[in-house]
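Letters A, B, ... mirror the listed sequences (proteins, then strands); counts begin at 1.
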Amino acid sequence: MLDLKAVVQDPEGFERRLARRGPDAAALLAPVKTLAAERRELNVALEGMKKRAGEANARVGQLMRTDRAAGEAARAEARTLSDEVKGREKRLAEIEAEIAKLLLLVPNPPQESVPDGVDERDNREVSRWGAPPRFDFAPRPHWELGEELGVLEWQQAAKLSGSRFTVYKGAAARLERAVAAFFLDVHGSRGYTEILPPYLVTAETMTGTGQLPKFEEDLFRTAGPDPLYLIPTAEVPLTNLHRDEIFEPGQLPIRYCAWTPCFRAEAGAAGKDTRGLIRQHQFHKVELVKITRAEESEAEHQRMVEDACEVLRRLGLHHRVVLLCAGDMGFSSAKTYDVEVWLPGQQTFREISSVSNCEDFQARRIRVRYRDEKGKPRLAHTLNGSGVAVGRTLVALFENYQQEDGTILLPPALHPYMGGVTRIDKGDFPRGVER
RNA sequence: GGAGGAGUGGCCGAGCGGUCGAAGGCGGCGGUCUUGAAAACCGCUGAGGGUUCACGCCCUCCGAAGGUUCGAAUCCUUCCUCCUCCGCCA
């Protein structure tokens, strides 16, 4: 959410910055400006009125003890003032609610360092690691490999749940767990505290990080009188963990990681990535979240990108980092890097992580602050990034490490997590491997 | 789910419907004293908003939302959370 005071002070500046996201974003501010002016005028008048009403009430109190008749007279005057205050307060509350409603729909203006552009074609590659693996056969997509090996199953998933679900079996099920455990261990050793949050959260929590009110159609919601929402990413619970808190000096930055399922309705994605694991209603992701002081968020952002890349390096997966252009960024982000992994089966780079600095946009919604050197509360900055998407990591592992015979060679970093299994092959996967 | 109890400032804890933003204590900060520290004593010590060049002044907030009243931390209603006991479960 934007700072209303800042918007009022420099409306043109905000409109110019928002316009970089696209033609619609800047237009949202016009009604806000009008209402803000109205609110201010009303508020000034109201405060004077409240003061007078308060004084009138005090007089009544005093007179009632000494002169009953005079007290009754003062009471009539106090009543008039009181009624007037109540009427104006009601109008003020309406205006403020309207402003809040509008402001919740305004996206975060991009940082200056974000390149101009309208979609992913305008994103800027900033680095690249490794090289595409070379095959002396035609590499195949992961869904063929998984199906052939009997470890990824889509017919049964459709029977259970419809489209965009997958049943993992044997080695694939184990691999999903192994990859997640590996990621958590890497991040844990790099300073992140592991969290296991609720997967169902309230509308208030969803509003805090920006999923609501604008993107309700992307979410799954429970039935019943008190609905809850399934998290589309662990960013939601992790970032909301410290809602309404003020951090003391020395407590920041906070770094969390969590392995959770993510649930996405994928409305509007009909016909897109219909095969394989790329776009599912349910997938696992290891998420990284930081809460920092304003002046350190940029440096922490760069480090978070490195943390995401680190797990891919350890798995030997060729990848690149792109800086998203203004038009391609998510609602809450001021600056986003995507990490894209190479998928030989599809001869393309594919997003496997998205690392965003939301600056104070979410912090303002959830009132997360810290005390500066002078002891004054200041809004914190929040950052989030995938570290990384587990399902898409399986995609990358299958496609990059496939052999001509259709088996998958696993990179050494995962061997301890796979109970010694080093290759995914057809046939029985060793069951009940204990450590 | 049922029956009780409780929600006040960073923490503990008072608070007859009328200068209560709220006694007192703890903690924290500043000062006096001290070579330094401790102790003692004195003062300060929440958040948001408005206004002012500034000092300051003003408004709002006692779990949340309504209501009664000239006036609510105090009375009423609903909701939320926590604690205890019972039931049900993993």
Side-chain angles (χ1 to χ4, degrees), chain A residues 1-9 32-33 35-104 196-208 222-229 237 240-252 254 261 294 360-380:
Chain A
M1 190 163 67
L2 302 184
D3 177 12
L4 179 61
K5 214 196 291 185
V7 171
V8 167
Q9 272 170 10
V32 173
K33 286 192 289 185
L35 285 165
E38 202 177 329
R39 189 199 83 91
R40 183 195 173 83
E41 194 182 337
L42 187 60
N43 192 246
V44 169
L46 184 62
E47 285 197 356
M49 205 178 285
K50 271 183 180 167
K51 195 183 169 195
R52 273 178 276 130
E55 286 161 356
N57 288 337
R59 266 199 305 282
V60 176
Q62 274 185 328
L63 288 171
M64 280 305 191
R65 274 183 240 122
T66 54
D67 182 348
R68 195 62 199 271
E72 292 294 342
R75 208 167 123 172
E77 187 208 341
R79 172 182 279 150
T80 313
L81 283 169
S82 174
D83 287 347
E84 214 171 324
V85 166
K86 277 176 197 162
R88 299 241 183 169
E89 267 180 340
K90 199 175 161 206
R91 268 198 54 211
L92 184 67
E94 285 164 6
I95 291 170
E96 285 181 341
E98 187 61 27
I99 291 173
K101 202 171 139 194
L102 291 168
L103 234 35
L104 284 174
L196 198 155
Y199 307 150
L200 287 162
V201 300
T202 60
E204 184 184 4
T205 299
M206 283 293 183
T207 306
T222 62
D226 294 308
L228 292 169
Y229 294 85
N240 274 277
L241 234 29
H242 294 285
R243 191 162 72 210
D244 286 309
E245 288 184 24
I246 301 177
F247 288 98
E248 298 303 323
Q251 291 186 303
L252 296 182
I254 292 216
D360 63 13
F361 185 84
Q362 294 176 325
R364 185 170 293 106
R365 290 176 166 229
I366 59 184
R367 299 162 300 277
V368 174
R369 292 168 295 175
Y370 63 97
R371 294 193 191 280
D372 64 15
E373 317 74 47
K374 291 175 180 166
K376 285 290 156 207
R378 292 186 60 192
L379 287 171

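For the pair A/Pro377 and A/Tyr370, the minimum side-chain heavy-atom distance is 4.5 Å or more. With a 4.5 Å cut-off on side-chain heavy atoms, A/Gln362 and A/Val368 do not count as touching. Residues A/Val201 and A/Asn240 form no side-chain contact, since every pair of their non-hydrogen atoms from C-beta on lies 4.5 Å or further apart.
The main-chain N or O of A/Leu379 is never found under 3.5 Å from a side-chain atom of A/Asp360 such that the two would form a donor-acceptor pair. Checking side-chain atoms of A/Thr222 against main-chain N and O of A/Pro227 turns up no donor-acceptor pair under 3.5 Å.
With a cut-off of 3.5 Å on both pairing distances, B/U34 has no Watson-Crick or G-U wobble partner at all. Pairing partner, B/G4: B/C83, with both Watson-Crick or wobble hydrogen-bond distances short of 3.5 Å. Taking a pair to require two hydrogen-bonding distances under 3.5 Å in either a Watson-Crick or a G-U wobble arrangement, B/G9 remains unpaired. In this structure B/A73 sits in no base pair that meets the Watson-Crick or G-U test at under 3.5 Å. With a cut-off of 3.5 Å on both pairing distances, B/U19 has no Watson-Crick or G-U wobble partner at all. Across all strands shown, B/C29 forms a Watson-Crick or G-U wobble pair, both distances under 3.5 Å, with B/G43.
One interatomic measurement links the two molecules: CG of A/Leu46 to P of B/C61, which rounds to 12 Å at whole-angstrom precision. Going from atom CD of A/Gln251 over to atom C1' of B/G10 covers 11 Å, rounded to whole Å. Note: CZ (A/Phe247) to P (B/G10) measures 15 Å, nearest angstrom. Atom P of nucleotide B/U60 and atom CG of A/Leu92 are separated by 12 Å, given to the nearest angstrom. Counting to the nearest Å, the C1' atom of B/U60 and the CZ atom of A/Arg88 are 18 Å from each other.
Note that OG1 of A/Thr205 is 12.5 Å distant from CZ of A/Arg365, once rounded to the nearest 0.5 Å. A distance of 12.0 Å separates CZ of A/Phe361 from CG of A/Asp3, quoted to the nearest 0.5 Å.
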Whether each nucleotide of nucleotides 73-80 of chain B has a protein heavy atom under 4.0 Å at its base (B), only at its sugar-phosphate (S) or at neither (-) is summarised, 5' to 3', as --------
Using a 4.0 Å heavy-atom cut-off, write out nucleotides 66-71 of chain B from 5' to 3' as B (base contacted by protein), S (sugar-phosphate only) or - (no contact). ---BBS
Output one letter per nucleotide in nucleotides 44-49 of chain B: B when a protein non-hydrogen atom lies under 4.0 Å from the base, S when only the sugar-phosphate is that close, - when neither is. ---SSB
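With P as the reference atom, B/G67 and B/A72 are 12 Å apart, rounded to whole Å. Rounded to the nearest Å, the gap between the P atom of B/U60 and that of B/A22 is 13 Å. Atom name C1', nucleotides B/A23 and B/G13: the rounded distance is 10 Å, in whole Å. With C1' as the reference atom, B/A14 and B/U74 are 13 Å apart, rounded to whole Å. Using P as the reference atom, B/C57 and B/U68 are 35 Å apart when rounded to the nearest Å. Spacing of P atoms, B/U8 relative to B/G1, comes out at 24 Å, to the nearest Å. Taking atom C1' in both B/C80 and B/G10, one finds a spacing of 24 Å when rounded to whole Å. The same atom, C1', is picked in B/U45 and in B/C26; the two are 13 Å apart, to the nearest Å.
Evaluation of the salt bridge (charged side-chain N to carboxylate O under 4.0 Å, His left out) rule for A/Arg39 yields A/Glu96 as partners, not counting sequence neighbours. Every residue two or more places apart in sequence or in another chain was checked for a salt bridge (charged side-chain N to carboxylate O under 4.0 Å, His left out) with A/Arg369, and none qualifies.
Heavy atoms from other residues, nucleotides or ligands lying under 6.0 Å from NZ of A/Lys33 number more than 12.
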Name every donor-acceptor pair, under 3.5 Å, that has one atom in a side chain of residues 73-92 of chain A and the other anywhere in the protein, sequence neighbours excluded.
| residue | atom | partner | partner atom | Å |
| --- | --- | --- | --- | --- |
| A/Thr80 | OG1 | A/Ala76 | O | 3.1 |
| A/Glu89 | OE2 | A/Lys50 | NZ | 3.2 |
| A/Arg91 | NH2 | A/Glu38 | OE2 | 3.3 |

